[in-house]
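A, B, ... follow the sequence lines: proteins, then strands. Residue 1 opens every chain.
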Number of protein chains: 4
Amino acid sequence: MVQIDPRSSTPIYEQIIQQLKELCLKGVLKPGDKLPSVREMATIIIANPNTVSKAYKELEREGIIETLRGRGTFVSENAQKTLDEGKINMIKEQLKQVIIDAFYAGMDINEIHTWIEEIKKEIGGKGRA
Amino acid sequence: MVQIDPRSSTPIYEQIIQQLKELCLKGVLKPGDKLPSVREMATIIIANPNTVSKAYKELEREGIIETLRGRGTFVSENAQKTLDEGKINMIKEQLKQVIIDAFYAGMDINEIHTWIEEIKKEIGGKGRA
Amino acid sequence: MVQIDPRSSTPIYEQIIQQLKELCLKGVLKPGDKLPSVREMATIIIANPNTVSKAYKELEREGIIETLRGRGTFVSENAQKTLDEGKINMIKEQLKQVIIDAFYAGMDINEIHTWIEEIKKEIGGKGRA
Amino acid sequence: MVQIDPRSSTPIYEQIIQQLKELCLKGVLKPGDKLPSVREMATIIIANPNTVSKAYKELEREGIIETLRGRGTFVSENAQKTLDEGKINMIKEQLKQVIIDAFYAGMDINEIHTWIEEIKKEIGGKGRA
DNA sequence: GTGGTCTAGACCACG
DNA sequence: GTGGTCTAGACCACG
């Protein structure tokens, strides 16, 4: 389910976080679903257990998954909206940078809007639009 | 002109790159404009010349600025569209990740479209849309 | 394996690049082979790790080697042909300059063809001819 | 006659040397021909006189041009063959590097032989073949 | 242990 | 003065 690219410049733990978030938004992973244990996941994706653990902890900190002692790790029931202003500004800043790079790559603004619609479709009705 | 935040997790050289790209798109920096020398810029932003040099070299590699022997560093005349497919896919992937984070931060798709229009206005008609 | 001449006017990082390229073409280094880490290589050739790192990064940019997160640096599977027109013109220009120098050094055209055949044999059937 | 590219990574004095050598081999510049003075040349190609001077001195050292006190600088009568073994080895080494780069750029050995024939034709019968 | 970032500082080629 | 190369050394993120 999770696909790691060891050649990517994106850290492995970050790739895990991004892909699990995407799977949750898409609804492939539903609230209550059990995730593989840290060790299982490490075996599946061929990574260091510490790396998987780091990803799980971050996702837990964001309230996307939760660990029930002795039972395992599960997708949270309510992936609550954060609405942290600092975070929103950070995301806007990131968005600006991506768009600047997109312009330099030859894209225009309409293509970007179209892409976003495609992404929206891809991750589906689970996005809280 | 360039504002560095040494506490940011974004590397200083990356901050320089991003801000110079933005200034070029906005038209604050125009083709042919002379950039401060590596040493001058280092003094201005209080950073090491090596760090500035790294940023300048990357911008030169991307064709955004160019060094004229003995005369200094200048904004390139034609920051030509690259249209590198690999790069475009990378940017789409980045865009997807930002949007996923935006959803988790409580944004909806319409807000994102609005943001993009704001960013478009901010970086102005110089964006090659 | 790599021999650095610190007295040469060719920068050390450039010598590393040239020799690793040659070893790859000769087949001494094969796709998948692990390179010494930056620190190891620096110790071996008695140079600064930063200098080795610069060479490795350039080779990675050219697609000749690649870094696998946490595993090290390896010779790429497919050192794909670039076929970048600008690059080819640059190489032709360099070739012209070398040949001009060869003429001034007393060589004739046939000797040059012979040399090239010798170089071809030296770097062997791995050259994608 | 001489065309300088200030954007090139090749030093300007080196560009002057290379182009004057080429013009001599092609026969555009013939033995006895007068070269522009350092200052004239600097004005023509828009360069620093020191830079032109450096190029002229190097060409003089190689016996390709000579300065007659009070009369000016002229193309030498006998562009004598050097046959310096150290130099020949250096040229062979340079040739090898160019060919390695050519292979990586997707060329094969026959194309290289063809290029060399083209270069030979371009610089003409003056090459001592 | 591995590479990435950064600083401080030196020396040099070039113009 | 300008950028290019190199060293020494520090700290950190990642695995």
Would you say CD1 of A:Ile46 has more than 12 non-hydrogen atoms from neighbouring residues, nucleotides or ligands within 6.0 angstrom?
no
Lys/Arg N to Asp/Glu carboxylate O, A:Glu60 vs A:Lys57, below 4.0 Å
no
On DNA chain F, nearest-nucleotide positions of B:Pro36 versus C:Pro49: which is more 5'?
B:Pro36
Just call it for B:Arg71: base, sugar-phosphate, or nothing, with non-hydrogen atoms closer than 4.0 Å on any strand.
nothing
At under 4.0 Å between heavy atoms, what does A:Asn48 touch on the DNA or RNA strands: base, sugar-phosphate, or nothing?
sugar-phosphate
Using chain A heavy atoms and a threshold of under 4.0 Å, write down where along DNA chain F the contacts begin and end, 5' to 3'.
F:dC14 to F:dG15
Does B:Glu22 reach the main-chain N or O of A:Ile100 with its side chain, forming a donor-acceptor pair under 3.5 Å?
no
Look only at the side chain of A:Thr10 and the backbone of A:Gln15, and say whether a donor-acceptor pair between them is shorter than 3.5 Å.
no
For B:Arg39, what residues pass the side chain to side chain contact (heavy atoms under 4.5 Å, CB included) criterion, not counting sequence neighbours?
B:Ser37
Along DNA chain E (nearest heavy atom to each residue), the more 5'-positioned of B:Asn50 and C:Val38
C:Val38
Regarding C:Lys87 and D:Asp101, does a basic nitrogen lie under 4.0 Å from an acidic carboxylate oxygen?
no
Rounded at 0.5 Å granularity, tell me how far OG1 in D:Thr73 sits from CG in D:Leu35.
6.0 Å
State the dot-bracket string of DNA chain E. Criteria: Watson-Crick or G-U wobble, both atom distances under 3.5 angstrom; notation: ( ) intrastrand, [ ] crossing earlier pairs, | interstrand, . unpaired.
||||||||||||||.
Residue met sooner reading DNA chain F from 5', once C:Ile46 and B:Tyr56 are mapped to nucleotides:
B:Tyr56
A quick test of your reading: do over 12 heavy atoms of other residues, nucleotides or ligands sit less than 6.0 Å from CZ of A:Arg71?
no
